[in-house]
Amino acid sequence: MRLFFVTADYTFRGMFHWLRPVPYVVNRLLFPLVQLVFFALVGQYGGSQSLSFYLVGNAIGVATLSTFGVSQAVADERWQGTLSYLLASPAPRVPVFFGRAAYHIVDGMLNMAAAFALAVLVFGLRLPLEGLTGLVLSMLVATVALCGVGLLLGALAYIFLDATLLANWAMFILLLLTGMNIPLSELPGFAAAIGEALPLTRSIAAARLYAAGAPLDAGLGLLAGDLAIGAVYAVAGYFVFGWLELRSRIQGRLEGV
Amino acid sequence: MIGALRVARAAAELQFKEVAVSGFLLFGALVQPFFIGVMTMYMLRHRPDFDPVYVVVGAALSGLWSVLLFAGSSAISHERSLGTLELVVAAPTSFFVVYGGKIAGTLAFSLVSVVFSYAIGAWLFGYPITVADPVGFGLSLLFALVALWATGMLFAPLGILWRTVGRFLGLLEYPIYSLSGFLFPILLLPVWTIPVSYALPPYWAALALHASASGELDLLGLARVWAVLVLTAVVLMIIASRLFLAVLQRARRSGSLALS
């Protein structure tokens, strides 16, 4: 546990590039908010769904930013020259690997809270009190599940080299296929099927239920599904990371590729 | 003058080659407009007055703007990281000319997003994509590129003179999509933002391209928009040239040509 939290702390502070508040505010707080405003206004102009559909979807969708931070935190080990030390250390890999996502979960929750505050204060989104617990739970599950995607992307970045580019791909795929802006029923069958296999799809659906005042148990099944999908991505990331580590040892290339 | 143009062309060609192999900028020019185009096509197609050309033009503009924003604002820091900035600044050719060429090269590359956005509408969705006024559209695109080029010229000196401003430049992607009416009318925005939109060259660029594509404006109306585009381009170029002078003077005074 100590290793888990030490990794979480140093990863967030040291490898996340944001040791000062200005870049953090720009990248993690303002960027998702301006993205939310854009898609909410396009949705409002389109008029096929209610404004709250877009506001809730995109406020939960702010969690996609977590994939950037987590994947960067894993992939940057190589760029900063610390990967060799990490691979040579006797530290157990589970806390080292999963610890990288820990602070991002808290961070993702803060970002989503800011997004919902904007939706309420600027767009007049109404959130029923009875749905708030479920909404917070949806936010938590969304960010945990997306940290799983981030861990997988971070591990894959040892092969594909550019974690930011991978995270950008992931962000736009999630924007398109998770029902954030387009109901899955409107997408072609294959695209909807991919959407069903992505984390966030169910968290967004659950959040919309709670935002409409549904009781807590109405969305629990959806959230459990998203949590399971996120776990699959995270475990897949762990195994990819382990496989790359093994391969790098066999080939005598401690930089992973 | 001819010598300066030759330098600008060389800088543009080099910049074009650099950005054409940058994964990040290829993403901005091709992938991002693809996703934005597909999403907005789905989001807007239920409108009774839906026009797919509107989405195609809007998605293309988003690609143009994103590439210009990211390549333009990072052009000088890129030179700095390569260690070539001192050589460029010390060369007898004006730094303004070299940077102008680089922005022109960036814009030339970003034009692929126009072609790609057309392909989304025509091939992926099968809509008939026809431009109502092709000549007007071509001229609008030309004037839009001039105005966007002048806007891009502001990025580098702003980012160097005020580092915090530089950090916020990357944030201007979606706000400019919104304030310039790329994919929805600015009337949806609060009234106090309308004057801000009017002050932005991308707004006039979007107005000219949307209006010529749909045939909403006649030649006189389009000419007025083109005049505003030229005017904003001239004003921005004057401001940018002053800022470039300030950057170089400050760098020479402090003896830090790396501008760090």
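Sequence lines set the chain letters: A, B, ... in the order given, protein chains first and strands last, and positions in each chain run from 1. The basis for the numbers below is simple: all heavy atoms, side chains too, and nothing from hydrogens, waters or symmetry mates.
- The aromatic rings of B:F27 and A:W169 sit perpendicular to each other, their planes meeting at more than 60°, with 30° as the lower class boundary.
- Atom CE of A:M171 sits about 6.5 Å away from atom CD of B:Q32, to the nearest 0.5 Å.
- Here A:Q49 contributes atom CD and B:M43 contributes atom CE; the two are 9.5 Å apart, rounded to the nearest 0.5 Å.
- Here B:R45 contributes atom CZ and A:E186 contributes atom CD; the two are 5.0 Å apart, rounded to the nearest 0.5 Å.
- Both the backbone and the side chain of A:L41 come within contact range of chain B, judged by heavy atoms closer than 4.5 Å.
- One finds the CG atom of B:L183 at 10.0 Å from the OH atom of A:Y45 (value rounded to the nearest 0.5 Å).
- The shortest side-chain heavy-atom distance between B:F24 and A:N168 falls under the 4.5 Å cut-off.
- In terms of heavy-atom proximity, B:M39 sits nearest to A:L176 at CG-CD1, 3.5 Å.
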| request: Report the C-alpha separation of A:V34 and B:Y177 in whole Å, then their side-chain angles, then the decisive distance to 0.1 Å, and conclude whether the side chain to side chain contact (heavy atoms under 4.5 Å, CB included) test is met. | output: CA-CA 10 Å; A:V34 295; B:Y177 294 178; over 6 Å; no

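- Looking at A:Y54, the atoms closer than 4.5 Å to chain B (heavy atoms on both sides) all sit in the side chain, from C-beta outward.
- Rounding to the nearest 0.5 Å gives a distance of 8.0 Å between CZ of A:F39 and OG1 of B:T40.
- With ring centers used as reference points, A:F172 lies under 6.0 Å from B:F35.
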